[in-house]
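See below for the structure under consideration.
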Protein chains: 2
Amino acid sequence: MPTIKDVADRAGVHAATASRALNSATRGMVNARTVTRVLEAAKALGYAPNSAARSLRTRTSSVAGVIIPDLRNPVFPPIVRGIEDGLREAGYMALLGNTDGDAVRERELFDAMRGRQTDGFILATSRRDDALPAEVPTVLVNRRTDAGGVPSVTADNSVGVHMLVRALVHLGHSRIGHVAGPRHLSTGWERYRAFVDAMDGAEPVTFAEAFTEDAGFEATLRLLDTVPDLTAIVAGNDLIALGCYAALASRGLRVPEDISVTGFNDIPFADRQRPGLTTIRIPHYDIGLESARLLLERIANPAGPAKRIVLPVELVTRGSTGPARN
Amino acid sequence: MPTIKDVADRAGVHAATASRALNSATRGMVNARTVTRVLEAAKALGYAPNSAARSLRTRTSSVAGVIIPDLRNPVFPPIVRGIEDGLREAGYMALLGNTDGDAVRERELFDAMRGRQTDGFILATSRRDDALPAEVPTVLVNRRTDAGGVPSVTADNSVGVHMLVRALVHLGHSRIGHVAGPRHLSTGWERYRAFVDAMDGAEPVTFAEAFTEDAGFEATLRLLDTVPDLTAIVAGNDLIALGCYAALASRGLRVPEDISVTGFNDIPFADRQRPGLTTIRIPHYDIGLESARLLLERIANPAGPAKRIVLPVELVTRGSTGPARN
DNA sequence: ACTGTGAGTGCAATCGATTGCAACTGGAGG
DNA sequence: CCTCCAGTTGCAATCGATTGCACTCACAGT
């Protein structure tokens with residue numbers, strides 16, 4: 001692999017000059033003809049800068065750490081894809097890690113990535129009470145901490161839940177239950193709060209242990225045990241809603257004839273479920289894209305304001321909701 | 001951030017000694033008591049090695065590049081997850097990149113990652129005719145090149161297709177068509193070859209432009225135009241099969257009453273389609289895991305044999321296949 | 001007493017790019 | 001003619017960890 005010294009020799013200049021010519025920020029310091037010579041030499045040799053050397057000297061790496069719970073959760077692929085595209089706009093790349101929701105593993109990953117000179121982090125994992133290291137630029141995606149001060153990009157959970165409840169009420173439902181996501185995740189919590197707010201009353205709620213089908217199944221059974229005569233269930237997200245489907249089927253209840261179900265996220269294939277899932281479409285890809293841009297902004301100016309970006313959502317009505325039973 | 005010099009000073013030794021004490025491979029050269037002192041000092045200071053410096057010196061980074069077409073294709077998340085877990089076993093991390101099947105972008109990504117001192121690559125993108133740079137350890141996942149010489153991990157495409165054809169024949173089908181994946185991808189090609197082999201006759205085949213639902217839709221229409229009286233279609237993968245569903249519906253044909261359809265991969269939610277998709281289950285996660293291990297093996301011993309790992313597959317029968325019409 | 005041995009440690013070079021500072025050049029201004 | 005300045009370029013230090021080599025020291029063998 002050719003080094004900058006090789007390029008400099010070929011162009012007949014000193015390595016320092018070559019470095020300045022190669023770097024667009026310092027290129028102005030070098031004579032235009034020299035720049036051309038260096039650039040030609042670099043191309044001829046197929047020169048690619050050694051990023052380890054550069055990182056060592058500049059203390060930056062153009063790499064961002066992306067930490068999520070589990071890539072197999074269908075919300076994340078499009079988000080991660082958006083992140084990657086956003087990072088690439090600025091020549092950044094993504095180091096990816098999964099935590100399975102394990103705080104210890106998250107910590108390990110975080111440290112390991114930081115040791116690799118990561119310039120910043122995009123986290124989809126933090127709990128509401130997380131204290132995040134402030135020294136390194138960080139953006140939360142699809143999550144938020146209570147404390148604030150950390151920039152985040154999320155979908156509008158509150159508006160989404162209100163849309164769902166309004167749609168159900170419009171269909172004549174009044175006995176509406178909520179199978180919420182985990183309390184310790186901001187997504188679960190915000191939707192729960194919005195639900196309570198939208199229903200303004202003492203409404204039946206159970207909390208799923210996780211945003212998974214299995215946890216949704218289990219939590220739905222608990223809900224049905226407490227309140228058997230519900231006509232609609234607002235689930236904390238689409239996977240939980242699929243758990244509802246299974247739980248309701250196990251109790252011999254039909255969707256939507258006996259009971260309506262709604263999800264949240266509009267994951268791929270939500271339209272192919274039976275019945276198709278009425279849900280809130282969030283702009284997955286854009287959430288990722290915006291979070292990458294926000295991170296880059298923070299890296300460029302760590303002292304700037306900790307923006308919170310909230311992206312609009314959309315109601316998608318499908319077969320899982322129908323008129324209230326009576 | 002403390003450096004190894006700080007650790008050494010605190011332990012009252014030279015940086016070189018600290019380095020040897022910290023590195024398990026060279027630890028034997030250092031007196032046991034000294035090792036303890038260094039380790040304590042390191043812990044007390046919260047020392048984390050600067051990986052840029054290490055990479056610069058050792059020319060390794062413990063980072064592998066993972067390049068795939070598009071994370072939003074549902075086959076990839078579980079594979080990538082497996083890769084990540086496999087890499088982590090050895091303290092490696094994954095730099096992720098998407099190409100959208102664009103060869104130029106792939107080349108750019110490859111170079112950019114190589115510039116970042118990537119120790120090796122796992123590629124899910126290469127075309128059958130790709131000439132891969134031999135200098136850097138590379139493993140192909142779910143793909144293969146014609147030339148050989150590059151280690152790969154794939155599912156057993158040939159056996160899978162034979163299973164499908166046999167199952168269809170068993171159901172009484174004889175007029176079976178194939179909507180194949182792209183010719184230039186080994187997956188598409190191998191399944192096509194296996195199909196021809198299994199049918200041992202001049203069978204109707206069209207090739208989809210890509211492994212996507214849209215391409216499958218379009219290719220299915222072409223197939224139906226040529227051979228209207230098929231009783232079964234073997235699709236190149238699940239997404240193409242979903243395209244078949246749509247194409248058949250647009251022609252007023254019912255699955256499986258009028259025509260049976262099979263897929264390949266058993267992507268998440270293949271069971272939730274209507275009708276549920278009969279397909280070949282491949283061990284996504286294990287494919288990823290094995291490819292990571294294989295890469296690590298290659299990195300450790302680049303001169304070793306270029307293994308080809310083929311993992312077994314399984315037939316999953318669901319509602320999309322039924323008895324032949326007549 | 002002397003040499004040989006081997007364990008343990010220190011010294012200093014090295015990896016490649018970046019950057020503050022100095023040096024040089026030519027031309028403008030006094 | 002001298003000074004000064006702007007425009008360029010070179011010099012050398014620097015980032016932090018690793019590693020070949022040399023050195024020290026204690027001890028065993030003769």
Side-chain angles (χ1 to χ4, degrees), chain A residues 1-42 45-63 91 111-112 114-119, chain B residues 1-39 41-42 45-63 91 111-119:
Chain A
M1 286 246 90
T3 71
I4 202 169
K5 183 103 200 327
D6 300 326
V7 174
D9 287 351
R10 189 178 229 265
V13 296
H14 191 265
T17 306
S19 170
R20 286 185 276 251
L22 256 9
N23 189 326
S24 55
T26 49
R27 190 166 295 156
M29 307 166 72
V30 179
N31 183 296
R33 290 230 313 287
T34 312
V35 170
T36 323
R37 279 214 318 283
V38 171
L39 259 30
E40 274 168 5
L45 294 171
Y47 168 74
N50 180 320
S51 72
R54 173 180 290 167
S55 294
L56 180 58
R57 181 67 223 249
T58 62
R59 312 186 152 284
T60 66
S61 62
S62 293
V63 170
D111 289 342
R114 204 133 75 109
R116 283 190 176 72
Q117 310 305 116
T118 309
D119 289 349
Chain B
M1 287 246 93
T3 71
I4 202 169
K5 184 104 198 327
D6 300 324
V7 174
D9 287 350
R10 189 177 226 267
V13 297
H14 191 267
T17 306
S19 169
R20 286 185 277 249
L22 257 7
N23 189 327
S24 57
T26 50
R27 191 166 294 158
M29 309 166 72
V30 179
N31 182 296
R33 290 230 313 286
T34 312
V35 170
T36 323
R37 279 214 318 284
V38 171
L39 258 31
L45 294 172
Y47 169 74
N50 180 319
S51 72
R54 173 179 289 166
S55 293
L56 180 58
R57 181 67 225 247
T58 63
R59 309 184 156 285
T60 66
S61 63
S62 292
V63 170
D111 288 342
M113 287 181 174
R114 202 132 76 108
R116 283 190 175 70
Q117 309 306 116
T118 309
D119 289 351

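This structure is a prediction, so every number in the text was calculated from the model and none was measured. Chain A is the first sequence line, chain B the second, and so forth, proteins listed ahead of strands; every chain is numbered from 1.
Taking every side-chain heavy atom of A:Ala53 into account, C:dG16 is the closest of C:dC11, C:dT9, C:dG16. Relative to the side chain of A:Thr17, the nucleotides D:dT9, D:dT18, C:dC11 differ in distance, and D:dT9 lies closest. In the set C:dG16, C:dT9, D:dG10, C:dT9 carries the atom at the smallest distance from any side-chain atom of B:Asn31. Nearest nucleotide to the B:Val30 side chain, out of D:dT18, C:dT18, C:dT9: C:dT9. The listed nucleotides are D:dC11, D:dG16, D:dT18; the one nearest the side chain of B:Thr3 is D:dG16. Residue A:Thr34 places its side chain closer to D:dT9 than to any other of C:dT18, D:dG16, D:dT9.
Nucleic acid contact class of A:Ser51 (heavy atoms, under 4.0 Å, all strands): none. Using a 4.0 Å heavy-atom distance criterion, B:Thr26 is classed as making no nucleic acid contact.
Tested against A:Leu22 for a side chain to side chain contact (heavy atoms under 4.5 Å, CB included), the candidates A:Ile4, A:Val30, A:Thr17 yield a single pass: A:Ile4.
You'll find the side chain of B:Arg10 reaches within 4.5 Å of the side chain of B:Leu45, heavy atoms only. Put simply, the side chain of B:Val7 reaches to within 4.5 Å of the side chain of B:Val38, judged on heavy atoms. Using a 4.5 Å cut-off on side-chain heavy atoms (C-beta onward), B:Arg116 and A:Val63 make contact.
At whole-Å resolution of the value, CZ in B:Arg33 and P in C:dA7 are 17 Å apart. Atom pair A:Asn23:CG and C:dG16:P shows a separation of 19 Å (rounding to whole Å applied). At whole-Å resolution of the value, CZ in B:Arg27 and P in C:dA7 are 19 Å apart. A straight line from CG of B:Leu56 to P of C:dG16 spans 7 Å, rounded to a whole angstrom. Protein atom CE of A:Met1 is 10 Å distant from nucleotide atom P of C:dA17, rounded to whole Å. The separation between A:Ile4 atom CD1 and D:dA12 atom P is 18 Å, rounded to whole Å. The interatomic distance linking B:Asp9 (CG) with D:dG16 (C1') rounds to 13 Å, in whole Å. In this structure, CG of A:Asn50 is placed 13 Å from C1' of D:dC15, rounded to the nearest angstrom.
Contact annotation: A:Arg59 side-chain N/O to C:dT18 OP1/OP2 distance is not under 4.0 Å. The phosphate of C:dT18 has OP1 or OP2 within less than 4.0 Å of a side-chain N or O from A:Ser19. Between D:dA17 and B:Thr58, no contact under 4.0 Å exists linking OP1 or OP2 to a side-chain N or O.
Donor-acceptor pairing under 3.5 Å, judged by distance alone, is present between the side chain of A:Arg20 and the base of D:dG10. Contact of A:Arg57 with D:dT14 (side chain to base): a donor-acceptor pair of N or O atoms is detected under 3.5 Å.
Across all their heavy atoms, B:Ser61 and B:Thr118 have their closest contact at OG-CA, 3.9 Å.
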